[in-house]
Amino acid sequence: MENITNYQIVSVLLSGPYNKTFDYLVEKTKQAKVGQIVIVPFGKQELLGLIFERSKNKIKKEKLKKIKSIVNLPLISKPFLDFTEFFASWNCAYKGNVLKLMVSPFDKKSIQNLDYKNYKPIDEEKTNVKGNFKKLNFYQKNASKEILNGFNKNSNCFLLDGVAGSGKTETYFEGVNHCLKNNKQVLILLPEIGLTSDWEERFKKTFGFKPLVWHSGITKSKKKKIWLSSLYNKKLVLVGARSALFLPFNNLGLIVVDEEHDLSFKQEEGIRYHARDMAIYLASKINIPIILSSATPSVETIFNVKLKKFSSLYLPSRATGSDLPEIQIIDMKENPTSSGNWLSDVMLKELLTRYKNNEQSLIFLNRRGYSPLTLCKNCGHRVQCNNCNSWLVEHKKEKIYLCHYCGYKKNVTGDCEGCNEAQLVSCGPGVEKIIEELSNCFPNAVIENFSSDTINKLDHFTESLKKIKSGKVDFIVGTQIIAKGYDIPNLNFVGIVDGDIGTYGGDLRSSEKCFQLLTQVSGRAGRHLKKKRGLVYLQTYNPESLVLKTIKEMNKDKFYEEELNFRKQASMPPFSRLISLIISSKYEKTLNEFSYNLFECAPKYKDVDILGPAPAPLNFVRGRYRNRFLVRSNKKIYLQNIVRDWISSIKIPRSIRLSIDVDPYNFM
DNA sequence: AGCACGCCGACT
DNA sequence: GTCGGCGTGCTC
Ligand SMILES: [Zn+2]
Ligand SMILES: [Zn+2]
C-alpha cells in the first residue's frame with residue numbers, strides 16, 4: 001500500500017447535477033491547486049470536475065479515490081468560483097451544472113484531448129488600437145469622463161441612458177479603449193439578435209481590429225479557441241450573447257450590457273438566469289465597472305438609479321442632430337377598418353404619400369405569420385396544437401400551421417378536422433396578412449418581410465438589410481426584430497398596427513414591454529432628417545391609455561414614475577421578490593397529486609405569500625401538463641432559501657419536473 | 001445524471 | 001423458477 005502521507009485531499013465540484021463537492025486524493029508532487037480542472041472517477045463513470053476547496057476532511061479515508069488527471073490549464077480564478085457559488089444559490093441551480101456551463105465548449109473527453117498546438121491563444125498584438133474614434137458631442141464627453149472615473153472608484157455601476165441614435169455605443173467605446181490601453185479584458189453582452197456583422201464593422205472601424213464574437217451560431221471549435229483566449233490572453237474584447245458571461249476571464253476590466261432592458265438576457269430554459277443581473281454581481285465581485293446601456297431602461301434599473309445604487313449618464317439628443325419623431329395616435333374606434341383589414345384609411349393615406357415621394361415606411365406588428373387563429377365558421381373548430389393547448393399560427397408562405405411554443409407543424413389543406421364542410425376564417429393579423437393587405441393597395445410596391453421567420457439566418461439577414469438600405473424596398477413589414485437599432489437612412493414613417501400590446505397578456509411587465517417596444521420602433525423614423533421630423537402613427541382602441549400617452553409625449557420620466565408607483569401599490573418587483581415554481585408531468589393526475597402535496601407542506605411565514613397551485617396559462621406544452629406556484633416576499637428576505645427548504649422537504653417523483661424561476665419574466 | 005440494487009408481476 | 005419493469009438511493 002502506498003503511503004497516504006504522499007497524498008493531499010481536495011474537494012472537487014463535479015460537472016453535473018451536484019450541489020456538494022466530493023473529496024479526492026491527489027499526489028502531493030502534482031501540486032494540486034484550487035481552480036484546476038480535473039478528471040475524476042465517480043461511481044462507474046469518469047467526470048470533469050473543478051478543485052473547489054482544499055479539503056473538507058469529512059469522509060472516511062478508505063472511501064477516497066484518486067484523481068485521474070489534472071488538466072494543464074491556467075487556474076480558474078477565485079472570483080469565478082465565488083460567482084459559481086452565488087449563481088447557483090441565487091438561481092436555485094446545481095453548482096455542478098453551473099460549472100458545466102462554465103466549461104461549455106468542452107466535455108470530459110475533449111478537455112483531455114486539448115491539443116495546445118492547435119489552440120494557440122489569439123495574438124494579443126492584434127488587439128492594438130489603431131482605429132479612429134468618432135468625435136463625441138458635449139454629453140457623450142461628459143458621460144465618458146464619468147465612466148473613466150469609474151475605473152478608480154468602488155461603486156461603479158452605470159446606466160447609459162439615451163434615445164436611439166444618441167451615440168451610446170461610441171460613449172462606452174471610450175471605456176473599452178481605456179481597458180485596452182491598460183491591457184485588460186472587456187466583455188460586451190448584447191441580445192443574441194443584436195449581434196450582427198453591422199455591429200462588428202462598427203467596432204472594427206473604431207478600433208481597427210475585430211472583437212471575438214460569441215453566440216449560439218459560433219462553431220464549437222471556434223468557441224474552444226475563444227474559451228482558451230479568455231483564460232490565457234490578458235487583453236481582449238469579447239462581444240457575446242448571454243452565455244458569454246460564463247467564460248473564464250482572467251483579467252476582466254469592464255463589462256458592458258447593451259440593450260440592458262432586452263428580455264433575451266433572461267434565460268428561460270435549462271438553468272434559468274438573468275444575464276444582466278448576474279453580470280452586475282460578477283462586476284462587483286471583481287470590483288470593475290459595469291455599463292448598462294439602453295434607450296428604454298428596465299424599470300428595475302431605473303429603480304436602482306433612484307436608490308443610488310447605479311449612476312445614470314444621460315445622453316439627451318440624437319447624435320445626428322435630427323429631432324425625435326412626432327407620434328400621432330390613431331383612434332381605431334373613429335377610424336374603423338373593413339372586416340379582415342387592419343390598416344386604417346389615415347394610415348394608408350400616409351403610406352401612399354410616402355410611397356409616391358419615394359420614402360421608405362415601416363409597418364410594425366409584433367406577430368409572426370399570417371394569422372394567430374384559424375377557426376371553422378361551420379362547426380366552431382379551432383386549429384390547435386397536438387402537443388400544447390395553444391392555437392396554431394398560419395404561415396401562408398410555407399403553407400403550414402405552426403405552433404410557436406413547440407414548433408409542431410401541420411400542412412394547410414383547407415379541410416376542417418371538425419366537419420366536412422369547412423368554412424375556415426382567419427382571426428387577427430400577422431405580418432404576412434399585413435403584407436397581403438399592402439400589396440392589394442400598392443400592387444407594384446416592393447415589400448420586405450423583416451421578422452424572425454425570414455431573418456433567422458445571419459446571411460439572409462445581412463442581405464435583407466442591404467436591400468432595405470439600398471432603397472429598393474418601399475415598405476418594410478416587421479416584428480420586434482426591427483426594433484433592435486438598425487439604422488435605416490431613408491425611413492421616415494413608422495406605422496404601428498397594434499398599439500394595444502400592453503393591454504392584453506396582462507402580466508406585471510406588459511406596460512413596460514409596450515413602452516419599450518413602441519418607443520424603440522418609433523425611434524426608427526427620421527433618424528437622418530435635417531429640417532423635418534419623422535412621423536409615427538400608432539393605431540389603438542385605447543387612445544386614453546397612460547402608456548400610449550407617455551410614448552406620444554416621449555415623456556420617459558413620467559412613464560417610469562407612473563410605472564414605479566403602480567408596482568409599489570401592487571407590491572410587485574422591483575419592490576418585492578418573486579419566484580415561480582413550474583411543475584410539469586406527462587400525467588395530469590400525477591401532476592395534481594404532487595402539486596397538492598407541495599401545497600400541503602408549503603412554508604407559512606407572515607412575510608411570504610404563496611399563490612397556487614394553479615394550472616399554468618399554457619397548461620399543456622410539448623405533451624406535458626403544467627401547474628404553477630408564485631412565491632412573493634419583500635427583498636430583505638432571501639426567498640431562494642425558503643423555496644429551497646420547501647422543495648427539499650418533499651421527495652419529487654421521477655415523472656415530475658420541477659423548475660424554479662427566480663425573478664420570473666414569463667408567467668405562461 | 002448514470003448506474004445498481006431490489007422488489008413484484010408475468011411468462012418460458 | 002427467472003426475466004424485466006421502474007422506484008430508490010448512492011456516487012468521494
Ligand atoms: Zn405546440
Ligand atoms: Zn368545421
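So that the names make sense, note that chain A is the first sequence line, chain B the second, and so on, each numbered from 1.
By the 30° and 60° cut-offs, the orientation of the rings of A:Tyr625 relative to A:Phe620 is tilted. Relative ring orientation between A:Phe83 and A:Phe246 is described as tilted, the plane-to-plane angle lying within the 30° to 60° band.
Distance A:Tyr587 OH to C:dG7 C1': 14 Å, rounded to the nearest Å. Atom P of nucleotide C:dT8 and atom CD1 of A:Ile652 are separated by 13 Å, given to the nearest angstrom. Across the protein-nucleic acid pair, A:Leu658 atom CG and B:dA1 atom P stand 12 Å apart, rounded to whole Å. Rounded to an integer number of Å, the gap from A:Leu13 CG to C:dC12 C1' is 13 Å. In this structure, A:Ile656 places its CD1 atom 17 Å from P of C:dC6, rounding to the nearest Å. A:Glu46 places its CD atom 18 Å from the P atom of C:dT11, with the value rounded to the nearest Å. Distance, A:Glu53 CD to C:dC12 C1': 14 Å, rounded to whole Å. As a whole-Å value, the separation of A:Tyr18 OH from B:dC3 C1' is 10 Å.
A cation-pi geometry, defined here as NZ or CZ lying under 6.0 Å from the six-membered ring centre and within 45° of its normal, holds between A:Arg509 and A:Tyr665.
Contact record, A:Pro372 with A:Arg367: CG-CD, 3.6 Å, taken as the closest heavy-atom pair. Closest of all the heavy-atom pairs between A:Arg242 and A:Phe265 is CD-O, 4.0 Å. Here the closest non-hydrogen pair linking A:Lys285 and A:Pro79 is CG-O, 4.0 Å.
Interface residues of residues 28-38 of chain A facing DNA chain C, ordered by number: none; criterion, heavy-atom separation under 4.0 Å.
Inter-residue side-chain proximity for A:Val239 and A:Trp199 is flagged as met; some heavy-atom pair is nearer than 4.5 Å.
The phosphate of C:dT11 (OP1 or OP2) has a side-chain N or O of A:Lys63 nearer than 4.0 angstrom.
If you find the closest nucleotide of DNA chain B to A:Lys44 and to A:Pro17, the one lying nearer the 5' end belongs to A:Pro17.
Contact annotation for A:Pro41: backbone-only contact, meaning every heavy-atom pair under 4.0 Å involves sugar-phosphate atoms and none involves a base. The residue A:Phe42 sits close to a base: some heavy atom pair falls under 4.0 Å.
Counting atom types as modelled, A:Arg654 pairs a side-chain N or O with a base atom of C:dG9 as donor and acceptor under 3.5 Å.
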